[in-house]
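Below you'll find the structure, written out as structure tokens, and then a few comments.
Basis for what follows: all heavy atoms, side chains included, without hydrogens, waters or symmetry-related copies. In this chain, residues are counted from 1 in sequence order.
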Amino acid sequence: MKLYSLLNADETHYIQVANKQADLSKNVTTVGMMEAPDISDFLVEGQLLVTTGFHFYQNIPALVELIKEMDRKKCAAIGIKDQRYFFEIPIEVLQIADQLQFPVLLLPKDTGLSVVVHDLLHRILESQSNALSRIIEATSELSTFILEEGRTNLFLEKISTLINKELFLINSHYEVTYASKNIQSQTETLGLALKNTFTENLLNVSETLLGSDQEKVVALFPVNTDFKSEGLFLGILDYEEGNNEAKLLLQQIVNLLGFSTLRSLINEEAKRQIKNDLLISIVSKSIDPSVLSEQLHLQDINTELPSKCAIVSIKQTEVKTLISYKTIRMTHDYIKWFLDETKLDYQLFINGEELVFMLAQDQMDVVLLKDLQNFLQKQFQEQLIFLIGYSHSALPLTQIYTLFKEASEALTLIRDHSKTAPVEYRPKIISELLQLIPETEQASYIEDNLAELSNLENESEREELIETLYQYFYHSRAINKVASALFLHRNTVIYRLKKIEQILAASLDDPETRMRLMLAVLLLRNDEQLDLPSADL
């Protein structure tokens, strides 16, 4: 309750203000009576303290310090009994009170402190009771309205009229989604102004934010919807920060608004789940493109635009428990927010413990994926690691099965989870495919086909012949190219090849022999840097 309202009440009109520069707009929330000189330790914000002045009439500096401390702790006022221990308030007390604009009140000499406290508390409680009744009545009316109408814009317009303030809804991207009639033309500039005013990322804000726009206080009240990516805030222009009644009413309004918004979001969530289930079924098996096209069109998904697929895999830094669905869903909402923030057209769904999304070919690149990875890491700090694999191909979404398989294969290429750069799928070259053969079988194959050559006692000769054979296959049996690569005369190359045939007792003119020897040489070299082109075997 404002101090000026309290002093103007019938039951407390006998209290006078002693200093001329008193700020009577202070809020009074409680009344206390001073019985000990160490009252400073028990002061609270909004307190009106009454005293006879006994502890200070012989120690004026102590009273001055008390007033300073009360002002520092945002107390409302001090009331001193007149004509008891002070026949007049000392000038130095009034001076510090005026300097701080702190109210010093005179309590009548014929009225006991207990009566003063009773009258003050009675008026405060009566005011609070009346305010609470008004809030309950307004909340009840608004609850009925929102249940019957169900339309958020009408609900907000009614609130604007009720509290006599301009208000708006803003999402976590600083986009104004609704504004009351008088400020509808300012929605775009208002969103930009607020983005410059509030440096906070609204995605994780859960407390009321206060700022200013054109010298007016702006308050943003978070609307709880349980969907992080769909965060909303109720904005109030020209907000009165000290009005507790308005603050309590607004909190009830925010709760009702959360209920209304959640109701519509649940409907959207049901649609999302249907699409999610459809996409999971598509990536789990290959479906005829014509059938798939029809199913995707029913979900308003563009099947013609060449797209790429990315998969975000969640890993724990320390594997202690399974990753909860709550964590997976929160990651989904963070990814959705990130893609919405960058104004991208995407398809996103949950597949087990992985998040899958498709973007147009020109939007999916490693820079975007790295930014997303860093963004997710920042939200979860060191608790989780996020790995990303993405497809190499860009195909219409009627071939989503292929895109998903490529992105899944890209994830398998990540061996070291501490190196989390996004990985693009690439078709395996021959040497990589050979590395998939178990080492014991590799050794056996080499022994069966190259034993005589690889076991030559002359190490220099052995290396020369194996290198010549490798270059022979690498250059598709073109003798001149082999000679050039080895810096030899072509006759020397021919001589070496004939010697290889003699040692292995095999003919290089036989296609099957060439195939066996080529694979054996690649396994023997174990060289992932060089590979064979499409050789004419």
Mind checking whether [X] and [Y] have side chains closer than 4.5 Å, heavy atoms only?
X	Y	result
K165	D238	yes
L497	I479	yes
P396	E304	no

**OP:** Hey, could you give me each pair passing ring-ring contact (aromatic ring centres under 6.0 Å, His included) that has a residue in residues 362-385? Not counting sequence neighbours.
**Re:**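 Qualifying pairs, neighbours excluded: Y334-F380, W337-F375, F338-F375, F380-F386.
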Original post:
Which residue pairs satisfy the ring-ring contact (aromatic ring centres under 6.0 Å, His included) criterion with at least one member in residues 483-512, sequence neighbours excluded?
Top reply: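 Listed by first then second residue: nothing to list.
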Kindly write out the residues that satisfy salt bridge (charged side-chain N to carboxylate O under 4.0 Å, His left out) with [X], not counting sequence neighbours, or none if the list is empty.
X	result
E166	none
E501	none
R272	E269

Original post:
Do H392 and E406 meet the criterion of a side-chain donor-acceptor pair at a distance under 3.5 Å?
Top reply: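 Result is no, nothing qualifies.
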Original post:
Is there a donor in the side chain of S284 and an acceptor in the side chain of S281, or the other way round, less than 3.5 Å apart?
Top reply: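 No, S281 and S284 have no side-chain donor paired with an acceptor closer than 3.5 Å.
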For [X], all residues meeting side chain to side chain donor-acceptor pair (under 3.5 Å), sequence neighbours excluded:
X	value
T492	none
Y472	R477
N164	none
E467	Q471, R525

Of all the heavy-atom pairs spanning [X] and [Y], show the shortest one and how long it is.
X	Y	result
L194	V218	CD2-CG1, 3.9 Å
I414	L387	CD1-CB, 3.9 Å
G389	L411	N-CD2, 3.4 Å
L469	I500	CB-CD1, 3.9 Å

Original post:
Should we say atom NZ of K370 is surrounded by more than 12 heavy atoms from elsewhere, each under 6.0 Å from it?
Top reply: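 Count over threshold, so yes.
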**OP:** Report, as yes or no, whether the 6.0 Å neighbourhood of atom CG on N374 holds more than 12 heavy atoms from other residues, nucleotides or ligands.
**Re:**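 Result for CG/N374: enclosed.
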**OP:** Can you run down the salt bridge (charged side-chain N to carboxylate O under 4.0 Å, His left out) pairs that involve residues 168-185, sequence neighbours left out, and say none if there aren't any?
**Re:**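 Salt bridge (charged side-chain N to carboxylate O under 4.0 Å, His left out) check on residues 168-185 returns E175-K343.
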May I have the list of side-chain donor-acceptor pairs in residues 359-369 shorter than 3.5 Å, sequence neighbours left out?
unit_1: D365; atom_1: OD1; unit_2: V367; atom_2: N; d: 3.0
unit_1: D365; atom_1: OD1; unit_2: L368; atom_2: N; d: 2.7

Subject >> Within the 6.0 Å centroid threshold, strictly below: F221 and Y239 >> reply: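 Distance test on ring centres: under 6.0 Å, yes.
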**OP:** Name all residues meeting the side chain to side chain contact (heavy atoms under 4.5 Å, CB included) criterion together with Q347; count only those two or more places apart in sequence or in a different chain, and write none if there are none.
**Re:**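 With sequence neighbours excluded, Q347 shows a side chain to side chain contact (heavy atoms under 4.5 Å, CB included) to K275, I301, M358, L397, given in chain and number order.
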**OP:** Enter the distance from T468:OG1 to L488:CG here, rounded to the nearest 0.5 Å.
**Re:**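 It comes to 6.5 Å.
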